[in-house]
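Here is the structure we will look at.
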Amino acid sequence: MRYRGREVDVEGRVRLVMESALTARDRVGVQDFVLLENYNSEAAFIENLRRRFRENLIYTYIGSVLVSVNPYKELEIYSKQQMERYRGVSFYEISPHIYAVSDNTYRAMRTERKDQCILISGESGAGKTEASKKILLYYAVTCPANDHMAALGDRLLQSNPVLEAFGNAKTLRNDNSSRFGKYMDVQFDFRGAPVGGHILNYLLEKSRVVHQNHGERNFHIFYQLLDGGDDDLLNTLGLDRNPQNYNYLVKGNCPRVSSISDKNNWKVVMKALSVIGFTEAEVQKLLNVIASVLHLGNAQFGEGEEGETYITTETQIANVAKLLGVDGSALTEALTHKKLTAKGEEMISPLSFEQAMSARDALAKAVYGRTFTWLVEKLNQSLALRDEIHHSSKGGSVIGLLDIYGFEVLQHNSFEQFCINYCNEKLQQLFIELTLRSEQEEYETEGIAWETVQYFDNKIICDLIEEKHKGIISILDEECLRPGEACDISFLEKLEDRLGGHPHFVTHKLANGKTRRVMSREEFRLLHYAGEVNYNVNGFLDKNNDSLSRNLKEVMCQSENQILSYCFRREEVIDQKRSEMAASQFKNSLMKLMEILMSKEPSYVRCIKPNDAKQPGKFDEVLVRHQVKYLGLMENLRVRRAGFAYRRRFEAFLQRYKPLCPETWPNWHGRLVDGVSTLVNHLVIVIQSGWRGMKARRRAKRRRQAADLIRRFIKGFIYRHEEYCLENEYFLDHVRYSFLKNLRKNLPQNVLDKSWPTPPPSLVEASEHLRTLNMRNMVMKYCRRVQPEWKKQMMQKVVASEIFKDQKDSYPHSVGRLFLDSRLEREQINLKVVQTLGNDKVQYGISVVKYDRRGFKPRPRQLLLTNTFAVLVDRTKIKQRIDYAALRGISVSSLSDGMFVLHMPSEDNKQKGDVVLHCDHVIELVTKLAMMANKTSYVNVNPGSIRFAVARGKEGIVDFVRGSELKVTKGKRGHLLVVS
């Protein structure tokens, strides 16, 4: 036992006793990493996580820190019975759980009368939001409450689905990713009952409203409205159910997600809004705003002969104006013109096409972002401390709950990822300060022999980002404010001038040759505590300015929608003072958050993502090791292991345990340190004698059991060939058990693995049944894991196989290559062509070469496929339209060339004859075209030549011969010769 200064520290023997009392399942690995034998080994740390994860034991302690591994499936460990199991129980008495942290924090608040907070951290997809919901549920169910407090608990819980609907979205890493930060205070009265709550929100990712990366979605509420809203509501809002009809919902090409039921979630959100206290009128106004954003995204612009911009979709603008409660003509004017003030005079100037598109998107982001802020304020009004219970809350305390976006590294990282990762740097700095630095300094201050545990201090990165006048945020603000032609590239150049040479900052210009190969000239790299991230500067200045044109603000200020009239105040237009930049706003709000957290007693939940595929049961060791490293878990373990397992002030320790010693009960009148010494020495003798007696009894019991076991086993072996009887039942059961145990470890891992252990004679029939069941289970799991995009890919591959297998030489090379959604980026398709197509969206695009029917002159073209027809495009002009209904056939050769012919009806005057084309991805293109036209049986693979119709009944021929390299030339008799 050791004492020091004003505190007492007791070794973790109690924890060892509790560990030994757990069930066999709970004792897989160790439940507290502090008890890990090889605690300096990262491999042993990860292996302990893996072993527990395999048994669905997702929680493990590092002292008082909870490590949580996302299981990606529902576990039966969150029932009301489980809550009662952890309620009021000592932290280490039973197995680790999020409820144990919740209860321990609650009891600390009650007994010590000090505000607490629970900090949940981890990267995107690690399970932070689910952990915060479990904590809130625990308090709502277990805390004492009357009818009013029960209603408050309901409102606290119902705030989650509302905030998730409006603030969460599907990303590549997480189907329910928080795209904003949230800190919630739950207020308790002196009896420990919840009496109020308050939410702070941070940096909503507004850019998601107008753009999503491939495979991602917009905020959930848009899809919930379209899928779950009744027909009358959608008619009122001017919407239809197909999300593909809205430009703001098609960018990510992911309207449906198998793990999300938008229809069911819509019902949950509507119920939650009612419980929280929204009136029907407020809900309608809110939905009007959401619908207006969708209509706004469909607003299109045209360009006049003199470069002026005008709106081509009057219906959409009329819908937007109606839903927002603004004047339609004023809105049209504000979207196509801007007001300039020169020498005290106002001038109106037309916007260019690109400026009008930007103004439209800026309005959509502003409307949605400000509505989200209004929504949070409305929730806070519902959760606010009522006047009638304000008196009873005196002497109460607060538990804060931080659920904020995790560290993000995407394929394309922009301003939002920069802010998110800066936030995570600040939280890591707080963790270092409170768990690694301050604890070690405390030991050194009190004169205890201590070998310093080294750790990475990320203050250098935080300073790089936030330092006044020198940090990235200051440089960004400076570039936004300076007169002249400031742009994103000039911002990057200024970063290079000011920060060149910093060990955690790199750009293409400053990098070595190896790094330059993987960095764009428009990127800068930060070496974060969690790894390297490349940020593309395009859009940084616009997003930091976060500005909306003055005339658009004027229109919104006059809105008859009460939500928008609250969000857009008249003073904002009148006041000429420039508002604070977005990054500085975020930095200042983070500083205030750090002050809030530092004023409270923290508890930590460190969330870990086991794999990137969101797949249950899969443990990616490389990914987990990376997270363990950057979260500082090994350093945290070393500090906890080297330090004292139990730490408490003398007064509290003596008050809590004095009844256990006759000399300290009922009161101790001497010095506190002497009282603790007397109490601890008395308890040591009791614990030692009890421990030794228990060990001796256990040894004797094990010997008796071992002898009996050996006798039964030998007897069973002798009678092993007899019928099942008392003499051999143990042996035969053991043989069966051994087979099943071995089978469990050696089950086939996929449907192609045909291996199977040889069963004992008594289990042959059962083994066959198990083998069949296992195969069915693997097939079912495989089918369930197939994402919609992969299902689409597989369907296309099956069709390609039916058409080309054993028919075309180039088919085997295409099997292993994925078919892409398009071979053209959106930017490669001319905007005028897109506008000409109107509501017929381009489903697939590819570059092709068209050969003239006379002379076979090659001409580069784009072939664009829609749902009902295809078009050949020459830069900005549509040269030919090919209706699927009129398509008579598609011909390709049997060689490895990319030639194909689209056969059109000769009697159709609109068509110019058959179309001879060449492309580099002929298998992919023909498959997609045949599927879209529903004419897979119309594809012909010709071994020697293809005949095609020329206008006025004439016929042309393409001959195909084998050769060493691809060559397309004009052959004999006016034929087109293709060598492949």
Report the residues that fulfil ring-ring contact (aromatic ring centres under 6.0 Å, His included) with Phe372, sequence neighbours left out, ordered by chain and then residue number.
-> Phe180
Evaluate the side chain to side chain contact (heavy atoms under 4.5 Å, CB included) criterion for residues Gln411 and His214: first the C-alpha distance (whole Å), next the side-chain angles of each, then the deciding distance (0.1 Å), finally the verdict.
-> CA-CA 10 Å; Gln411 190 172 0; His214 185 77; over 6 Å; no
Step-by-step side-chain hydrogen bond (donor to acceptor under 3.5 Å, both in side chains) determination, Tyr535 to Gln417 | CA-CA 8 Å; Tyr535 297 101; Gln417 282 67 47; over 6 Å; no
Check the pair Asp361, His211 against side-chain hydrogen bond (donor to acceptor under 3.5 Å, both in side chains), reporting the backbone distance first and the verdict last.
-> CA-CA 9 Å; Asp361 290 347; His211 177 78; over 6 Å; no
Just checking, is any N or O donor in the side chain of [X] or [Y] under 3.5 Å from an acceptor N or O on the other one?
| X | Y | answer |
| --- | --- | --- |
| Asn242 | Asp240 | no |
| Thr312 | Gln835 | no |
| Ser414 | Lys543 | yes |

Just wondering, do [Y] and [X] contact through their side chains at under 4.5 Å, heavy atoms?
| X | Y | result |
| --- | --- | --- |
| Ile348 | Glu333 | yes |
| Tyr246 | Phe222 | no |
| Leu239 | His295 | yes |
| Cys254 | Gln212 | no |
| Leu548 | Leu363 | yes |
| Arg241 | Leu234 | yes |
| Leu590 | Lys587 | no |
| Arg370 | Trp374 | no |

Could Lys378 and Phe278 be counted as a cation-pi pair, given that NZ or CZ must be under 6.0 Å from the ring centre and within 45° of the axis?
-> yes
Rounded to the nearest 0.5 Å, how far apart are [atom1] of [X] and [atom2] of [Y]?
| X | Y | atom1 | atom2 | result |
| --- | --- | --- | --- | --- |
| Leu324 | Gln558 | CG | CD | 13.0 Å |
| Ile829 | Leu837 | CD1 | CG | 8.5 Å |
| Leu286 | Ile563 | CG | CD1 | 5.0 Å |
| Gln862 | Asn830 | CD | CG | 8.5 Å |

Do NZ/NE/NH1/NH2 and the carboxylate oxygens of Arg173 and Glu408 come within less than 4.0 Å?
-> no
Electrostatic pair Glu478:Arg482 at N-O distance under 4.0 angstrom =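 So Glu478 does not pair with Arg482 through a salt bridge.
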Not counting sequence neighbours, which residues clear salt bridge (Lys or Arg N to Asp or Glu O under 4.0 Å) with Glu164? List them please.
-> Lys133
Please name all residues satisfying salt bridge (Lys or Arg N to Asp or Glu O under 4.0 Å) with Lys338, sequence neighbours left out, ordered by chain then number.
->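 Scan of Lys338 (salt bridge (Lys or Arg N to Asp or Glu O under 4.0 Å), adjacent residues dropped) gives none.
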Donor-acceptor contact below 3.5 Å, side chain Ser822 vs main chain Gly845 =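 Indeed, once roles are kept as given, a pair shorter than 3.5 Å links the two residues.
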Any donor and acceptor pair, going by atom type alone, linking the side chain of Asn265 with main-chain N or O of Ile260 inside 3.5 Å?
->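 Absent.
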Sequence neighbours excluded - salt bridge (charged side-chain N to carboxylate O under 4.0 Å, His left out) pairs with any residue from residues 203-222 = Arg179-Glu205, Glu205-Arg208, Lys206-Asp546, Arg208-Glu216, Arg217-Asp262
Going by the side-chain contact (heavy atoms from CB on, under 4.5 Å) test, name the single residue among [options] that passes it with [X].
| X | options | result |
| --- | --- | --- |
| Lys182 | Val376, Thr129, Asn160 | Asn160 |
| Ile420 | Tyr405, Phe586, Phe415 | Tyr405 |
| Ser132 | Leu401, Ile404, Leu402 | Leu401 |

side-chain hydrogen bond (donor to acceptor under 3.5 Å, both in side chains) partners for Lys841, two or more places apart =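 If we apply the side-chain hydrogen bond (donor to acceptor under 3.5 Å, both in side chains) test to Lys841, skipping adjacent residues, the hits are Asn247.
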How would you list, by chain and number, every residue that makes a side-chain hydrogen bond (donor to acceptor under 3.5 Å, both in side chains) with Asn235, sequence neighbours excluded?
->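 Once residues adjacent in sequence are excluded, Asn235 has no partner under the side-chain hydrogen bond (donor to acceptor under 3.5 Å, both in side chains) criterion.
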Are Phe219 and Tyr368 close enough that their ring centers fall under 6.0 Å?
->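 Yes; Tyr368 has its ring centre under 6.0 Å from that of Phe219.
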Starting from the C-alpha separation in whole Å, work towards a yes-or-no answer on side-chain hydrogen bond (donor to acceptor under 3.5 Å, both in side chains) for Ser559 and Asn561.
-> CA-CA 5 Å; Ser559 171; Asn561 185 313; 5.3 Å; no
Where do Ala364 and Val210 come nearest, in terms of heavy atoms and distance?
->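 Heavy-atom minimum between the residues: CB-CG1, 4.1 Å.
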Note: Pro255 and Gln244 closest approach over all heavy atoms is CG-NE2, 3.9 Å
